Enquirer: 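Structure provided below as structure tokens; questions to follow.
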Amino acid sequence: GNTVRLLKINNFLYPPFSADVIEGVPDLEIREDDIIICAYPKAGTHWVWEIARYLLAGATTGVPLAEKDNCMIEWMPASSLDNLPSPRVLNTHLLFRQLPRQVKQKRCKIIYVNRNPKDLAVSCYHHHLKLSQFYNYEGTWDDFLPLFLNGQLDYGSWFDYVKDWEKTVQDNPDVPIYVTSYEKLKQVRYVSSRHGVSWTVRVVKNPVDEITELSQFIGGSSGRCDRQFAARVEEKCSFRSMKSRKGWFDMSNEGEAIMYRKGEVGDWKNWFSVLQNEAMDGYLKQYMSDAKTKFLYDLPRPPM
Ligand code: A3P
């Protein structure tokens, strides 16, 4: 069809699976050293999750974590999450008030990830298409954008979601929340050939400072991360390296990678028509003009 099949629980929209797990989320057992990654779907949840895992594991052992497990709070049965070794990095698309009660009681560290809504909407479209056997979605991009703008998707309206997290950060200065973004973490580099023989790689925009700050927020042994290590983590968690390590849950039934598509900032320009862009800007003006978050729709381009 050209609408998305969803679950509605307590007046909130979820993907059409694991209703029993969702109902158990408030009572989930949480550990003090859990790191919780929160983001609207397709904002870069798995990327930041992997960066956090590397920061935690790598700084102590120098060796990156081997296995990728699914650590999604509202998808995985409590027993699987209970079996994960500490320190755990858990991820979720829930709002703050929907998180397990113990997250607040134990003052767990939360990393919230933003992404510009234009790239995010395009990424969401492909996500729903690739998982069409669950979402029963077979529409076009033109059919999809109105669903995104009107919040007829899992986790509801992106506009409401972002504003809700902004308010959470504002109203809870005692809760450790680090806000980062897809665009802050994206490295821009280009390779040029000199004299047709040797190759030079130039980094136009470097996320090493952001990764270093993230590591200081995570703390523990990861807080001792230096710039050199941050650069290694960036490389290990680049789109290309992560894609090459994809695990079982990264695949849809057709064997296509769900979590890795293009991995860029600005791909929206290949999808939005002028009219669609105006529609999105209209929604942003109407719903987000009081929001503090500033979104980056493009990154510096390498010189030609
Ligand atoms: P695109 O569809 O624009 O490529 P989430 O993990 O929240 O579901 O987000 C998925 C999006 O993050 C997809 O965006 C995916 O390609 C991108 N992504 C995944 N790993 C990435 C990485 N290491 N670097 C950059 N983007 C990444």
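First listed ligand is number 1; within each ligand, the first listed atom is number 1. Fair warning: this is a prediction, and the values are worked out from it, not measured in the lab.
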Enquirer: Hey, are E210 and T180 close enough side-chain-wise for a donor-acceptor pair under 3.5 Å?
Expert: yes
Enquirer: For atom 23 (N) of ligand 1, grab the closest protein heavy atom and report residue, atom and distance to one decimal in Å.
Expert: C237 O, 2.8 Å
Enquirer: Taking distance alone, with no angle check, do M242 and ligand 1 share an N/O pair under 3.5 Å?
Expert: no
Enquirer: Does any N or O atom in P41 lie less than 3.5 angstrom from one in ligand 1, N or O only?
Expert: no
Enquirer: For atom 3 (O) of ligand 1, tell me which residue out of K262, K42, R115 has the closest non-hydrogen atom.
Expert: R115
Enquirer: Any idea which protein heavy atom is nearest atom 7 (O) of ligand 1, and the distance to it?
Expert: T45 OG1, 2.5 Å
Enquirer: Taking E235 for the side chain and R232 for the main chain, is one N or O donor matched with an acceptor at less than 3.5 Å?
Expert: no
Enquirer: Go through the steps for W158 and F295 under the test ring pair (Phe, Tyr, Trp, His ring centres under 6.0 Å), then give the verdict.
Expert: CA-CA 13 Å; W158 173 86; F295 297 98; 5.3 Å; yes
Enquirer: Just need the protein heavy atom nearest to atom 1 (P) of ligand 1, so name the residue and atom and give the distance.
Expert: S123 OG, 3.4 Å
Enquirer: Which residue owns the protein heavy atom closest to atom 21 (C) of ligand 1, what's the atom, and how far is it?
Expert: F239 CD1, 3.7 Å
Enquirer: Using a strict 4.0 Å cut-off to heavy atoms of Y260, name the atoms of ligand 1 that fall inside it.
Expert: 16 (O), 19 (C), 20 (N)
Enquirer: Taking atom types as modelled, is there a side-chain donor on H128 or D154 under 3.5 Å from an acceptor on the other?
Expert: yes
Enquirer: Pick one of side chain, backbone, both or neither for how A43 approaches ligand 1, counting any non-hydrogen atom pair under 4.0 Å.
Expert: backbone
Enquirer: Give the ring-plane orientation class for Y283 versus Y287, where under 30° counts as parallel, over 60° as perpendicular and anything between as tilted.
Expert: tilted
Enquirer: Against ligand 1, does H126 come closer than 4.0 Å with any heavy atom?
Expert: no
Enquirer: Check S241 against ligand 1 and report side chain, backbone, both or neither, counting heavy atoms closer than 4.0 Å.
Expert: neither
Enquirer: Return the orientation label for the W141 and F272 ring planes: parallel under 30°, perpendicular over 60°, tilted otherwise.
Expert: perpendicular
Enquirer: Measuring centre to centre across the rings, with the benzene-like ring taken for any Trp, is F159 within less than 6.0 Å of Y161?
Expert: no
Enquirer: Determine, for D33 against K109, whether the closest basic-nitrogen to carboxylate-oxygen distance falls under 4.0 angstrom.
Expert: no
Enquirer: Out of H46, M259, K186, who is nearest to atom 18 (N) of ligand 1 when you count heavy atoms only?
Expert: M259
Enquirer: Please could you name the atoms of ligand 1 that S238 approaches to less than 4.0 Å, counting only its heavy atoms?
Expert: 23 (N)
Enquirer: Heavy atoms only, cut-off 4.0 Å: how does A39 contact ligand 1, side chain, backbone, both, or neither?
Expert: neither
Enquirer: Which of the listed options, W47, Y125, Y182, holds the heavy atom that is closest to atom 12 (O) of ligand 1?
Expert: Y182
Enquirer: Taking the side chain as every heavy atom from C-beta outward, state whether R261 and V122 have any atom pair closer than 4.5 Å.
Expert: yes
Enquirer: Anything under 30° is parallel, anything over 60° is perpendicular, the rest tilted; go ahead and classify Y178 against F217.
Expert: tilted
Enquirer: If I apply the N/O under 3.5 Å rule, does E264 come out as touching ligand 1?
Expert: no
Enquirer: Quick one about S241 and S238 (side-chain donor to acceptor, distance below 3.5 Å, no hydrogens or angles considered), yes or no?
Expert: yes
Enquirer: Under a 4.0 angstrom heavy-atom cut-off, which atoms of ligand 1 come close to G44?
Expert: 5 (P), 6 (O), 7 (O), 9 (O)
Enquirer: Starting from atom 16 (O) of ligand 1, locate the nearest protein heavy atom and write down its residue, its atom name and how far away it is, to 0.1 Å.
Expert: R261 N, 2.9 Å
